[in-house]
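Written below as structure tokens is the structure these notes are about.
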Amino acid sequence: MTQEPEQQASSGIAKKLVVLLVVAGLIVIAYTQFGSALTLESLAQQESQLISFQKENPVLVYGVAFLIYVLVTGLSLPGAAVLTLVFGWYFGLLRGFLLVSFASTAGATLAFLLSRFLFRNAIQKRFGERLASFNQALEKEGPFFLFTLRLIPAVPFFVINAVMGLTPIRTITFWWVSQLGMLAGTFVYVYAGSSVPNLQTLAEKGINAVFTPSQLTQIIVAFVLLGIFPLIVRFTMKFLNRSKVQPETENGAVT
């Protein structure tokens, strides 16, 4: 009887090590074999082949593109921003936006689940007492907090996925909040990609081919303000509620 919990713990650790090794292997293979292929310069050289392949295999192209985006974001590989621009050019604004929106959320959820499976129990055992109040707050405010982070471009995509995987937020909640929170940023990048005439222009200028530096600054500031605004509203509402409660308490004490 006493050995069963130990055996279960050893089995759990072994499974996590296997998953960690598989993920690490996939990252190394993907980065070494396909990392250079996901650069704008490399894709620009294959522009005509990409266009002809899409015409010949339209359904396959969407499936492969979706899978590539999920793997890149799910394994936290560099290149998601480049893919978003390319997909905007390749599929157009509407189709590119829909594909990237759902693929990015699927990839984010995959990274979230990997982080939860590999590290959450260890973190909770190590810092459980210190994180108790934090976990309680996240159970109530987690979706709101996640939505705010998704609106602020300064917070790295993969960091949000990994950190939220360590929290008690539900997977379905993480999925739909991320889906909504990333819509604005996804639209901007897909629009930028869809607005350039060819990949060579995109490779030479990137997102600057569509937006000037000042416009980019304004967009970033707008996203930051958009992310901070809900926090300001929440703080204001709490402050007003406290202000109402205090006079009522004082009046009750007097009577």
Could you grab the distance from atom [atom1] of [X] to atom [atom2] of [Y], nearest 0.5 Å is fine?
X      : Y      : atom1 : atom2 : answer
Gln54  : Phe91  : CD    : CZ    : 5.5 Å
Ser115 : Met164 : OG    : CE    : 10.5 Å
Ser194 : Arg95  : OG    : CZ    : 11.0 Å
Phe87  : Thr186 : CZ    : OG1   : 12.5 Å
Ser104 : Leu99  : OG    : CG    : 9.5 Å
Thr105 : Phe174 : OG1   : CZ    : 8.5 Å

Taking all non-hydrogen atoms of both residues, which atom of [X] and which atom of [Y] are closest, and how far apart?
X      : Y      : result
Phe53  : Leu60  : CZ-CD2, 3.9 Å
Pro58  : Tyr62  : O-CD1, 2.9 Å
Leu183 : Ser101 : CD2-OG, 3.5 Å
Ala108 : Asn161 : CB-OD1, 3.4 Å
Thr171 : Phe112 : OG1-CE2, 3.6 Å
Leu114 : Gly74  : CD1-O, 4.1 Å

Does [X] share a hydrophobic cluster with [Y], counting links as ILVMFWY side-chain heavy atoms below 4.5 Å and allowing steps through other members?
X      : Y      : answer
Val61  : Val64  : yes
Leu180 : Tyr189 : yes
Trp176 : Leu110 : yes
Phe147 : Met182 : no
Leu71  : Leu83  : no

Given Thr73 and Tyr69, is the side-chain contact (heavy atoms from CB on, under 4.5 Å) satisfied, shown in steps?
CA-CA 6 Å; Thr73 53; Tyr69 204 102; 3.4 Å; yes
Is the shortest heavy-atom distance from the side chain of Thr109 to the side chain of Ser178 under 4.5 Å?
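No; the side chains remain at least 4.5 Å from each other.
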How about Asn198 and Glu47: do any of their side-chain heavy atoms sit closer than 4.5 Å?
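Asn198 reaches Glu47 side chain to side chain.
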Please check if the side chain of Tyr90 supplies one atom and the backbone of Leu50 the other of a donor-acceptor pair under 3.5 Å.
yes
Side chain Thr173, main chain Ile169, donor-acceptor under 3.5 Å
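No: the side chain of Thr173 does not pair with the backbone of Ile169.
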Between Arg150 and Phe157, is NZ or CZ placed under 6.0 angstrom from the six-membered ring centre and within 45° of the ring axis?
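Arg150 over Phe157 ring: yes.
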Count the heavy atoms of every other residue, nucleotide or ligand shown that sit under 6.0 Å from CZ of Phe66, and state whether that count exceeds 12.
yes
Between Phe97 and Phe187, what is the ring plane arrangement, given parallel below 30°, perpendicular above 60°, and tilted in between?
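The rings of Phe97 and Phe187 stand perpendicular, inter-plane angle above 60°.
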